[in-house]
Amino acid sequence: MADSPRISVLGLGAMGRALAETFVKGGYSTTVWNRSSGKDAELIALGAQSPGALAAALTAGEVIVACLLDHASVHETLDPVVESLRGRILVNLTSTRPDQARELAEWAGRHDIEYLDGGIMATPHLIGGPAAAIYYSGSRRAFDEYRPVLETLGGAEYFGADAGNAAAVDFALLAAMYTMFAGVLHGAAVVRSVGMSAEDFGQRAANFLSAMTFSLPTVGKRVDSGDYSDPEQDLYFTKSAVDAIVATSRAAGVDLDIIGAVRDLIDRQIASGHGREGWERIFESLRP
Ligand code: FVH
């Protein structure tokens, strides 16, 4: 594409390769670099440049997209070549914690590098398609100017100048995902006692949970209001259900760590005198 920004992608793991391939196929002049050799062959065949030396890959790009293992590997890679980054846009799609994203933004600022931090909410095969979303925070100017580049990879959403914001939202969603998946595995352990396979249970859980998640924004609205009166389901009701689930799990010989944690959150709110209020009030136990 004439006049479109030249992109350099650092890191050719599963995700970096998907990002680079999407840029090449999107018509961008794309240069790639990876710590170890041999991961660039398919990209070169598609039309990417791969000069070998990191400094050469950096100077080839106006926008530098880093997708490395972790925060430490970003510093390990970029610290020795920081002068080659001066005046460029660094889009860091490596998964980092919010404090690490802020540290990188501060480091970038000291070296005259414009910084955008990104959290990828997709797996490699989704990149470039409608199901891919990437959350960004940091330089608003860079996000606005390079938005078409970012949107090549998937939906692009901006979460503010604080570079740590995107990582906070990313990790909050991952917290929701991991606890939900752990809950499904708890259920799979329970149904093994009645001879159901985990695969069979997994399909039922997918159907049931998909049907239930419609209510999540309403749950969130109630939490935001801080008003848990007039509930659809109060904490006493929820306690009787969860106590029965705990007893069923115990009888099936299943560890109670996961469901017991939910019961404890409910019990704390009831002990504080909120039994007649909505079950969503367990949110208040999570942020004492
Ligand atoms: N894959 C996914 O589904 C997830 C989706 C959500 C976001 N993550 C994050 O993306 C980062 C990269 O993930 P990845 O899947 O590409 O990971 P790998 O295939 O393991 O590739 C890792 C690349 O990082 C290079 N690398 C590792 N350590 C160093 C280092 N010290 N210095 C320079 N490069 C390093 C590694 O190079 P090599 O081992 O091939 O030489 C790979 O290019 C990650 O933050 C995910 O959390 C992906």
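Each ligand, and each atom within it, is numbered from 1 in the order the structure gives.
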Closest protein heavy atom to [atom], given as residue, atom name and distance to 0.1 Å:
atom                    : answer
atom 32 (N) of ligand 1 : T77 OG1, 3.4 Å
atom 40 (O) of ligand 1 : K39 NZ, 2.7 Å
atom 39 (O) of ligand 1 : R35 NH2, 2.9 Å
atom 10 (O) of ligand 1 : C67 SG, 3.7 Å
atom 11 (C) of ligand 1 : L68 O, 3.2 Å
atom 18 (P) of ligand 1 : G13 CA, 4.0 Å
atom 5 (C) of ligand 1  : A122 O, 3.2 Å
atom 6 (C) of ligand 1  : I120 O, 3.5 Å

Any sub-3.5 Å donor-acceptor pair from [X]'s side-chain atoms to [Y]'s backbone N or O?
X    : Y    : answer
R6   : A60  : yes
D70  : S73  : yes
T218 : L216 : no

Option nearest atom 19 (O) of ligand 1 (shortest heavy-atom distance, choices A72, S37, A14):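 Nearest option to atom 19 (O) of ligand 1, by heavy atoms: A14.
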Aromatic ring pairing W107/H111, orientation class (parallel under 30°, perpendicular over 60°, tilted between):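 Rings of W107 and H111: tilted, as their planes differ by 30° to 60°.
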Ion pair check, R222 and D227, cut-off under 4.0 Å: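 Judged by the 4.0 Å cut-off on N to carboxylate O distance, R222 and D227 do not form a salt bridge.
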Nitrogen or oxygen atoms of [X] and ligand 1 under 3.5 Å apart:
X    : result
M15  : yes
S36  : yes
E76  : yes
T123 : no

Side chain, backbone, both or neither: the part of T96 lying under 4.0 Å from ligand 1 by heavy atom: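 Neither; no heavy atom under 4.0 Å.
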Part of M121 with heavy atoms under 4.0 Å of ligand 1, whether side chain, backbone, both or neither: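 None of M121 does.
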Same apolar cluster: M15 and W33, side chain cutoff 4.5 Å: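 No; tracing contacts between hydrophobic side chains, which count when under 4.5 Å, never links both residues.
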Would you mind listing which atoms of ligand 1 come within a distance below 4.0 Å of any non-hydrogen atom of [X]?
X    : result
S95  : 7 (C), 8 (N), 9 (C), 45 (O), 46 (C), 47 (O)
L12  : 43 (O)
N34  : 37 (O), 38 (P), 40 (O), 41 (O), 42 (C), 43 (O)
P124 : 1 (N), 2 (C), 3 (O)
L69  : 24 (O), 27 (C), 28 (N), 44 (C), 45 (O)
G11  : 43 (O)
T94  : 45 (O)

Pair Y158 and Y136, ring centroids less than 6.0 Å apart: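 Between Y158 and Y136, the centre distance exceeds or equals 6.0 Å.
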Candidate pair D243 and R263, rule salt bridge (charged side-chain N to carboxylate O under 4.0 Å, His left out), full reasoning: CA-CA 7 Å; D243 282 349; R263 178 200 52 200; 5.2 Å; no
Nearest-0.5 Å distance, CG of residue L10 to CG of residue L54: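 Here the interatomic distance stands at 6.0 Å.
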Separation between CZ of R17 and CG of N34, rounded to the nearest 0.5 Å: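 Spacing of CZ (R17) from CG (N34) equals 8.5 Å.
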Worked verdict on H186 versus S249 for side-chain hydrogen bond (donor to acceptor under 3.5 Å, both in side chains): CA-CA 9 Å; H186 176 97; S249 303; 2.9 Å; yes
With I113, the side-chain contact (heavy atoms from CB on, under 4.5 Å) member among L104, V82, I89: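 Among L104, V82, I89, the one that satisfies the side-chain contact (heavy atoms from CB on, under 4.5 Å) with I113 is V82.
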Test salt bridge (charged side-chain N to carboxylate O under 4.0 Å, His left out) applied to D200 and R204, step by step: CA-CA 7 Å; D200 188 354; R204 285 161 206 282; 2.8 Å; yes
